[in-house]
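This report refers to the structure that appears directly beneath it.
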Amino acid sequence: MGDLLTREQSDASVAQFQAEFDQRGYGWWAVEVRATGGFIGFAGLDQVDDDMPFTGVEIGWRLARSAWGQGYATEAALTVLAYGFDTLELSEILAVTTATNSRSQAVMRRIGMTRDPADDFDDPTVPEGPLRPNVLYRIARGAGSRRDRREP
Ligand SMILES: CC(C)(COP(=O)(O)OP(=O)(O)OC[C@H]1O[C@@H](n2cnc3c(N)ncnc32)[C@H](O)[C@@H]1OP(=O)(O)O)[C@@H](O)C(=O)NCCC(=O)NCCS
């Protein structure tokens, strides 16, 4: 996921996230643990990079290692999906990760996204190596995320 950011780089990222919210109404939300308010990472929506061989809005997530394995990414992702479909009225949401990132792909499947191997692609911005092969997951509005199927 790149190098550790300096405080200045991190602050610049937050300013960029805020500007994106102001401009287009979506971006990367902070994820906090309800019980403690502790900050554990972020989740949200972003425009697919121009370099990619497809266009659209993608969902993503990144949590501190200590917060893995507790369902926090899935819980946050379901909230983000609901925002994308119900508030932004997107017709489809995409998700991209490396073919080797099984934890991220597991989150995609848990929230109801599906992968067509025909959509697999090599990230043109990454040099030859294990991070270059990528997978694409999709979910269409109305497809029924896990949240929709949950009993009231
Ligand atoms: C991708 C990432 C967010 C996934 O985090 P995660 O904790 O594995 O995902 P979830 O929050 O869905 O948690 C699932 C785990 O919690 C468990 N869990 C406990 N309670 C749960 C609940 N209520 N709901 C769902 N899962 C629950 C699951 O059984 C699963 O356990 P397992 O890891 O032993 O299989 C995390 O690995 C990460 O930040 N990676 C680095 C950044 C990254 O790769 N981002 C994606 C780039 S595309």
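All ligand and atom numbering here is 1-based and tracks the order in the structure.
Of the N or O atoms in V107, none lie within a sub-3.5 Å distance of an N or O in ligand 1. The shortest N or O to N or O distance between W61 and ligand 1 is under 3.5 Å. Between W68 and ligand 1, a contact under 3.5 Å exists for at least one N or O pair. Backbone and side-chain nitrogen or oxygen atoms of V96 are examined, and none is located within less than 3.5 angstrom of a nitrogen or oxygen of ligand 1. Considering backbone and side-chain N/O of Y72, one or more are found under 3.5 Å from N/O of ligand 1.
Of all atoms in ligand 1, listed by their number and element, those nearer than 4.0 Å to a heavy atom of S104 are 1 (C), 46 (C), 48 (S). Atoms of ligand 1 found under 4.0 Å from any heavy atom of R62 (numbered from 1 in listed order, with element): 39 (O), 42 (C).
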**Message:** What verdict does the side-chain contact (heavy atoms from CB on, under 4.5 Å) test give for R141 and E89, after you've listed the backbone C-alpha separation in whole Å, the side-chain angles of each residue and the deciding distance to 0.1 Å?
**Reply:** CA-CA 8 Å; R141 187 169 174 204; E89 300 189 343; 3.9 Å; yes
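Across A43, A67, G71, heavy-atom proximity to atom 18 (N) of ligand 1 is greatest for G71. With distances taken over non-hydrogen atoms, the option nearest atom 3 (C) of ligand 1 out of G41, A73, A95 is A73. Counting heavy atoms only, N101 comes closest to atom 47 (C) of ligand 1 of the residues I59, L78, N101, T74. Of the candidates L63, I40, I111, the one placing a heavy atom closest to atom 39 (O) of ligand 1 is L63.
Rounding to the nearest 0.5 Å gives a distance of 9.5 Å between OG1 of T97 and CG of L131.
Hydrophobic clustering, with ILVMFWY side chains joined whenever heavy atoms are under 4.5 angstrom apart, groups Y83 together with M108.
Using a cutoff of 4.0 Å between basic side-chain nitrogens and carboxylate oxygens, R34 and E75 are scored as salt-bridged. Taking a cutoff of 4.0 Å between a charged side-chain nitrogen and a carboxylate oxygen, D116 and R138 do not qualify as a salt bridge.
The proximity of E75 to ligand 1, defined as any non-hydrogen pair under 4.0 Å, does not occur for either the backbone or the side chain.
Within the structure, the closest approach of G60 to ligand 1 does not fall below 4.0 Å when heavy atoms are considered.
Residue Y72 shares its hydrophobic cluster (ILVMFWY side chains chained together at separations under 4.5 Å) with V31, V33, I40, L63, W68.
Qualifying side-chain hydrogen bond (donor to acceptor under 3.5 Å, both in side chains) partners for R109, counting only residues two or more places apart in sequence or in other chains: Y137.
A 4.5 Å side-chain heavy-atom check between R103 and N101 finds at least one atom pair inside the cut-off.
A ring-ring contact (aromatic ring centres under 6.0 Å, His included) with W29 is found for one member of F42, F39, F21 and no other, namely F21.
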